[in-house]
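Worksheet for the structure shown next.
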Amino acid sequence: MASVYIHIPFCERKCQYCDFVSYVGKLECLDKYVDSLINEIKSFDAIDIDTVYIGGGTPSLLSEKSLSKIFDTLNKYHHLDKNAEISIECNPNSLSEEKLVAFKKVGINRISLGVQSLNNEVLKSIGRLHNRAEALNALNLAKKYFDNISVDLMVGLPNQTIQDVVDDINALCPLVNHISVYSLILEEGTPLYDRVQSKQVILPDEDETIAMYDTACKELKKYDFIRYEVSNFTINKPCKHNIAYWTQKDYYGFGVASHSFVNGVRYSNTESLNDYLSGVTCVESYSIDQKIAKEEYIMLRLRMSQGIDMKDFSMRFGESLETKKDIINKLIDDGLLCEKDNHLKLTDLGFHLLNYVVLQLVD
Ligand SMILES: C[S@@+](CC[C@H](N)C(=O)[O-])C[C@H]1O[C@@H](n2cnc3c(N)ncnc32)[C@H](O)[C@@H]1O
Ligand code: SF4
């Protein structure tokens, strides 16, 4: 079984912090883009698919006709498992009752809504097109049709306070069963980066951002949301698609700037919309050697709260983590790692220092 990611690189407006591959002012290309997607999907031998993730960009901009074309192609050329998890990323302002009905019709069964914050001032300062009321309306509408709903929240945003985070979680938890919480990454080249550099915008400092994240974790716990990955929390439905990435299963990425990982080889598609529209797909591929596979295993397994299964590690890589006992013991003494039932896991403090811990464990 494999996972499929489909990238829809179009947005109505570029958010101030975003450096994902998504184009603004090119919505007239959407139909042609879907035709190119279909050609790419058809070009592969039949894949057994158990998760599909339509991400972006703003996939909720897709029309019912485009969605039907995509799913007709997946069903005709590949084997889409009848219990497959099929997610779509949505923005509150491009979600309507009509869209939700269309999603259901093609078999989508999970909605991931980009909320980011419910404070109107914060939303404005990061250039979101929606306000609090629109986000909550979109969620309530989605609830009429779907029972598997996730929202994305961000912390460390301009004008955001710890109390905002508490309020957001209190308003959102009763409406959803999954929340992703991301600390703002200030990406060079984004408008927000420039505004921070020129001191037009002051961001919360690192300690405040960490406090916001810890507050989010504490509040989520009150609603029985379990942290199953560094940025992901759920009451009962972890995202199967993302778990497939973190456990290094095969996945196929279709669309501009998407990546695939099949039989130990990583493939990258072109980031140029024009090239993709004229039929260019994969522009780079390389095999993952044992050293990289091992480093990625350590990094990806530590992201998940179940951690590294040390027996599984030894079986896969023919070596034991016992060789790193001194480093592991130091990380345990520093309160960053813990060992339980032959699994190595990050502590709450360790989750904040994931990159540091990974660097210590890979050499
Ligand atoms: C692929 S994005 C697209 C989702 C959707 N287009 C939206 O914005 O609502 C998925 C999520 O990544 C998060 N994200 C995007 N840029 C980020 C950044 N610079 N730092 C932290 N999180 C970011 C946001 O929470 C966003 O909802
Ligand atoms: S809507 Fe999402 S993908 Fe589009 S610019 Fe904003 S954060 Fe990026």
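Order of listing sets the numbers, starting from 1, for every ligand and every atom in it.
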Glu296 with Arg266: basic N within carboxylate O range, under 4.0 Å: yes
For the side-chain hydrogen bond (donor to acceptor under 3.5 Å, both in side chains) test, which of His130, Glu134, Glu12 pairs with Asn93? Glu12
Under 6.0 Å from the NZ atom of Lys311, do we count more than 12 heavy atoms belonging to anything else shown? no
Glu28 atom CD, neighbour heavy-atom count above 12 within 6.0 Å: yes
Could you find the nearest protein heavy atom to atom 11 (C) of ligand 1 and give me its residue, atom name and distance? Asp152 OD2, 3.3 Å
So for Ser180 against ligand 1, with non-hydrogen atoms under 4.0 Å, the contacting part is neither
Heavy-atom neighbours of Gln200 CD exceed 12 at 6.0 Å: yes
Using distance alone, determine whether Phe20 and ligand 1 share an N or O pair under 3.5 Å. no
Residues Lys69 and Asp35 bridged, charged N to O under 4.0 Å: yes
Nearest non-hydrogen protein atom, atom 9 (O) of ligand 1: Arg128 NH2, 2.8 Å
Ion pair present between Asp312 and Arg316, side-chain N to carboxylate O less than 4.0 angstrom? yes
Which option, Gln116, Glu187, Gln16, His130, owns the non-hydrogen atom nearest atom 25 (O) of ligand 1? Gln116
Within the structure, does Thr58 bring an N/O atom to less than 3.5 angstrom of an N/O atom in ligand 1? no
Among Tyr223, Tyr228, Phe233, which one satisfies ring-ring contact (aromatic ring centres under 6.0 Å, His included) with His178? Tyr228
Atom 23 (C) of ligand 1 has as its nearest protein heavy atom Met154 CE, 3.7 Å
Is Leu184 in polar range of ligand 1, meaning some N or O pair under 3.5 Å apart? no
Is it true that Phe44 and Tyr77 have ring centroids separated by less than 6.0 Å? no
Close approach, Gly56 and ligand 1, non-hydrogen under 4.0 angstrom: yes
Is the CG atom of Asp147 crowded by more than 12 outside heavy atoms at less than 6.0 Å? no
Within ligand 2, which atoms have a heavy atom of Asn91 less than 4.0 Å away? 1 (S)
Among all protein heavy atoms, pick out the one at the shortest distance from atom 7 (C) of ligand 1; state its residue, atom name and that distance to 0.1 Å. Asn91 OD1, 3.3 Å
Mutual orientation of the aromatic rings belonging to Tyr23 and Phe10 [parallel < 30°, tilted 30-60°, perpendicular > 60°]: tilted
Nearest to atom 4 (C) of ligand 1, what protein heavy atom do you find, and at what distance? Glu89 OE1, 3.6 Å
Would you say Glu206 has more than 12 foreign heavy atoms packed within less than 6.0 Å of its CD? no
Close approach of Glu12 to ligand 2, heavy atoms, under 4.0 angstrom: no
With heavy-atom distances below 4.0 Å as the criterion, list the atoms of ligand 2 near Arg13. 5 (S)
Below 3.5 Å, N or O to N or O, backbone or side chain included: is there any such pair between Tyr17 and ligand 1? yes
Test log, rule ring-ring contact (aromatic ring centres under 6.0 Å, His included), inputs Tyr145 and Phe103: CA-CA 9 Å; Tyr145 296 90; Phe103 294 167; 9.8 Å; no
Within less than 2.8 Å of atom 8 (Fe) of ligand 2, the count of protein N, O or S atoms comes to 1
Polar contacts were defined as any N/O atom of the residue lying under 3.5 Å from an N/O atom of the ligand; does this apply to Tyr182 and ligand 1? no
Which residue holds the protein heavy atom closest to atom 20 (N) of ligand 1, what is that atom called, and what is the gap in Å? Ile185 N, 2.9 Å
Would you mind checking if Asp334 and Lys330 are paired as a salt bridge, meaning a charged N to carboxylate O distance below 4.0 Å? yes
